[in-house]
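What follows is a short report on a single structure.
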Amino acid sequence: MSAPQKPHMPAPPAPARQPEQATASSSPVMPDWYQQGLPHIWLPYSQMKTAPAPLAARSTHNARIQLTDGRELVDGVAAWWTACHGYNHPHIRAAVTAQLGTMPHVMFGGMVHEPALRLASRLYAMLPGDLDRVFFTDSGSVAVEVAMKMAIQYRLNTGEPKRTKMLAFKGGYHGDTLATMSVCDPEEGMHHLYGDVLAHHIIAPLPQDEDSTSAFFQLLDEHAHELTAIITEPLVQGAGGMLFHSPAVLRTLREAADRYGLLLILDEIFTGFGRTGTMFACEQANIVPDIITLSKALTGGTMALAATVARPHVFEAFLSDNADHALMHGPTFMANALACACANASLDLFETEPRLAQVAAIQAHLTEALERCRTLPGVKDVRVLGAIGVVELETIANPDALRQRFIAENVWIRPFRSIVYLTPAFTIPPDDLHTLTDAIYRVLSAEN
Ligand SMILES: *Cc1c(COP(=O)(O)O)cnc(C)c1O
């Protein structure tokens with residue numbers, strides 16, 4: 001099929017580099033859809049002038065991605081940490097196909113349906129404590145925005161309108177929208193680009209030792225009167241650089257929230273659904289947040305869906321004869337029936353297949369296999385938790401170039417900041433996992 005003719009439109013700018021250049025010289029000419037479409041695509045987090053041309057994916061299977069030129073890459077990232085059951089799981093396909101035949105989508109305003117309500121009651125049953133009221137959205141950032149709106153309106157509804165600020169943490173990441181950027185790490189995040197446009201919240205170091213803990217409680221003494229909630233990613237700050245903290249830190253946060261009357265929001269968008277070795281990371285600290293956010297692996301990496309789940313005391317603050325006390329939010333594709341069917345199928349797989357045992361096996365392999373990277377020059381730290389393996393370097397001068405070296409090894413690994421990391425599918429075959437860890441060792445050995 002040829003591109004539609006648009007005689008009156010100016011010609012699109014040529015891509016910065018020809019696609020053939022980015023892949024090895026042996027690669028054949030790219031397909032017509034690639035050549036015609038690439039000049040019209042704006043890629044995420046990319047300096048479009050200099051970024052290597054994107055790969056052309058054709059199909060996927062379990063932990064592998066096939067490219068249009070016939071190459072096959074082992075995926076170390078599981079589609080941005082989402083594809084926990086591997087790609088193309090037949091049970092998910094069957095559930096989506098069945099749902100597609102009866103009702104792909106219907107608006108959720110004033111109407112509900114089986115896939116969404118089944119999912120809500122299942123999430124309630126599997127989440128710790130009494131997290132029992134589910135608000136569905138379609139992306140992680142929006143789920144966090146909803147959590148922030150809940151926390152702010154909770155104060156408005158209960159007569160404390162001055163308490164609208166969040167306490168968030170250095171190294172944190174909660175999304176790319178304007179409100180969520182304001183609770184991301186101010187240096188690693190995009191605060192410097194957006195400056196005064198962002199709302200001002202309080203960003204502190206996590207209370208990890210005696211000094212940071214006493215500073216943390218001092219901060220609360222000074223600011224609790226203007227704060228509504230504490231927000232953090234439990235156990236692992238993902239996009240901030242796969243930074244780990246101990247369960248004790250989460251217990252400190254819970255204790256602080258209770259002492260100062262704050263809501264505790266745990267953003268489990270990355271950590272939820274087994275990634276850290278337990279179904280939810282907060283289980284390892286034996287605490288229950290007041291609000292939790294979920295997305296990424298919620299549908300097993302197949303469709304866009306997110307959820308913000310609140311405990312009864314949060315929800316009850318919105319029950320009123322005053323119409324202004326209702327939560328005013330409602331995405332068009334909220335609780336999309338296909339996505340909810342997908343999430344239900346994903347939860348089935350956690351029940352019928354040994355996912356957490358697979359995570360434990362991955363943890364054991366990553367611990368052993370990545371350890372040998374520790375003595376390589378330029379390596380600062382090696383750390384593993386659940387199905388997350390991290391090799392932190394002193395610095396990565398050129399992440400794009402490093403990624404190209406991994407592609408040459410037939411693995412899909414995306415270094416960022418100063419880390420090379422793996423977050424594979426829990427179903428990854430042992431051989432593919434070895435391919436990933438061997439590639440990291442080989443590439444980092446050759447680097448320095
Ligand atoms: C990915 C992520 C988000 C944002 O989710 P999107 O679906 O990309 O908007 C928010 N919080 C955490 C912890 C994440 O890892």
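Heavy atoms only: backbone and side chains are in, while hydrogens, waters and symmetry mates are out. Numbering starts at 1 and runs along the sequence shown. Since we're looking at a predicted model, the values are computed, not measured. Remember, it's 1-based here, ligands and their atoms both numbered in the order they're listed.
Between E233 and ligand 1, not a single N/O pair is under 3.5 Å apart.
Under a 4.0 Å criterion applied to the non-hydrogen atoms of H174, ligand 1 contributes the atoms 10 (C), 11 (N). Distances below 4.0 Å separate heavy atoms of W81 from the following atoms of ligand 1: 15 (O).
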Start with the C-alpha gap between S141 and D176, add the side-chain angles, then the distance that decides, and say whether side chain to side chain donor-acceptor pair (under 3.5 Å) holds.
CA-CA 6 Å; S141 300; D176 288 349; 5.6 Å; no
Please step through side chain to side chain donor-acceptor pair (under 3.5 Å) for the pair H313 and E316, ending with a clear verdict.
CA-CA 5 Å; H313 63 100; E316 279 154 19; over 6 Å; no
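Compare D267, T137, T232 by their heavy atoms: the one nearest to atom 13 (C) of ligand 1 is in D267.
Of all non-hydrogen atoms in F350 and H85, the two that sit nearest each other are CE1-CE1, 3.6 Å.
The parts of Y173 lying near ligand 1 are both backbone and side chain, judged by heavy-atom distances below 4.0 Å.
With respect to atom 14 (C) of ligand 1, the closest heavy atom belonging to the protein is K296 NZ, 3.0 Å. Scanning the protein heavy atoms around atom 8 (O) of ligand 1, the nearest turns out to be S141 OG, 4.4 Å. Atom 5 (O) of ligand 1 has G140 CA, 3.2 Å as its closest protein atom, hydrogens excluded (heavy atom only).
At most 12 non-hydrogen atoms from other residues, nucleotides or ligands lie less than 6.0 angstrom from CD of E368. Residue N88 places its CG atom among more than 12 non-hydrogen atoms of other residues, nucleotides or ligands, all under 6.0 Å distant.
With hydrogens and angles left out, the side-chain atoms of D290 and Y154 include no donor and acceptor closer than 3.5 Å.
The aromatic rings of H105 and F333 sit tilted relative to each other, their planes meeting at an angle between 30° and 60°.
For W80, the closest heavy-atom approach to ligand 1 does not fall below 4.0 Å.
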